Amino acid sequence: MRSINCSACILKSTAVKNLTVSELNILGNNCAEAVFKKGDIIFKQNALSSNIIYLRTGLIKLAIEGPQGTQIIRLKKAPCYLGLPTTMGDKINQYSAVALELSTVCFIDIHAFKELLRINPDFTYEILIRMYKNELEQFHRCVKLVQNQVYGRLAGSLLYLAEEIYASQEFNLPLSRSEIGDMIGTSRETVSRMINSLAQEGVISISGKHIKILNKSLLEKISQKG
DNA sequence: GCATTAACCACAG
DNA sequence: CTGTGGTTAATGC
């Protein structure tokens, strides 16, 4: 395998910043970088995986094929690790990852990753903290999805995109209406109608994929009450 | 009952 | 891929 100079990487994860030069060499000797275009599958549910994936740049979605169709578990923005639960918890991928925009990704051999976890506590600590935060986020997301009505779930996900992904009140939706439906557990028709009615009420303005949040506090209210 | 919510279907840009 | 209209089932008042 061609080795990569991880020491020179300017997009190191918080965890990797704790690695020594020799540990960075272990990493560099056991990883490969790849570029994915919008729509490319990075890894697929039910396939065997022996890699941890580090998303250096870009945006991806994680999705599970459920009994009632596709469920988008969450979006992930660089920089972050993908596939920690699925690669550490099982040999088979429990979900798929698909690029939503041009993304660069490092595939890290699971054995090298485990070795780093074993030998460098500061590295391991950062990974753990990240995992715990993730778990909390997932708990909250789960409650919102189960207890909110569709209108509230849509409002919540628009807020999520604005706050967490783009840090802006104005952005281009990275997902189709159908995918938004898959994310909040509703049909594409309902997403269309509700986006339009949010626009009619002046909460947002929408033109194709371009969206602007006009009344954030009202959107937050809708997100909480449904 | 009657209204509301939201899914499913069909059809048209 | 989206938007719209009609229909229908479930739930609440």
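Predicted model only: the values in this text are computed from it and were never measured. Below, chains carry the letters A, B, ... as their sequence lines are ordered, and counting in each starts from 1.
A salt bridge links K61(A) to E179(A): one of the charged nitrogens lies within less than 4.0 Å of a carboxylate oxygen. Under a 4.0 Å N-O distance rule, the pair K44(A)/E65(A) does not qualify as a salt bridge. Taking a cutoff of 4.0 Å between a charged side-chain nitrogen and a carboxylate oxygen, R56(A) and E33(A) qualify as a salt bridge.
The two residues P174(A) and L100(A) make their nearest non-hydrogen contact at O-CD2, 4.0 Å. Heavy atoms only, all atoms of each residue included: I92(A) and Q94(A) are closest at O-NE2, 3.1 Å.
Nucleotide dA6(B) holds its C1' atom 14 Å from the OH atom of Y151(A), rounded to whole Å.
Residues from residues 174-185 of chain A that place a heavy atom under 4.0 Å from any atom of DNA chain C, listed by number: S176(A), R177(A), S178(A). Residues from residues 205-213 of chain A lying near DNA chain C, meaning a heavy-atom separation below 4.0 Å, are K209(A) in numerical order.
Connectivity analysis of hydrophobic side chains (ILVMFWY, heavy atoms under 4.5 Å, direct or indirect) links L102(A) to V35(A).
Between F107(A) and F43(A), the distance separating the two ring centers is not shorter than 6.0 angstrom.
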Along nucleotides 8-13 of chain B, 5' to 3', which nucleotides get a B, which get an S, and which get a -, given that the test is a protein heavy-atom distance under 4.0 Å?
BBBB--

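In the 5' to 3' direction, nucleotides of DNA chain C lying under 4.0 Å from heavy atoms of chain A begin and end at dT2(C) to dG6(C).
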Run the side chain to side chain donor-acceptor pair (under 3.5 Å) check on Q45(A) and N93(A) step by step: do they pass?
CA-CA 5 Å; Q45(A) 183 175 357; N93(A) 285 326; over 6 Å; no

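For the side chain to side chain contact (heavy atoms under 4.5 Å, CB included) test, residues two or more places apart in sequence or in another chain that qualify with S187(A) are E189(A), T190(A).
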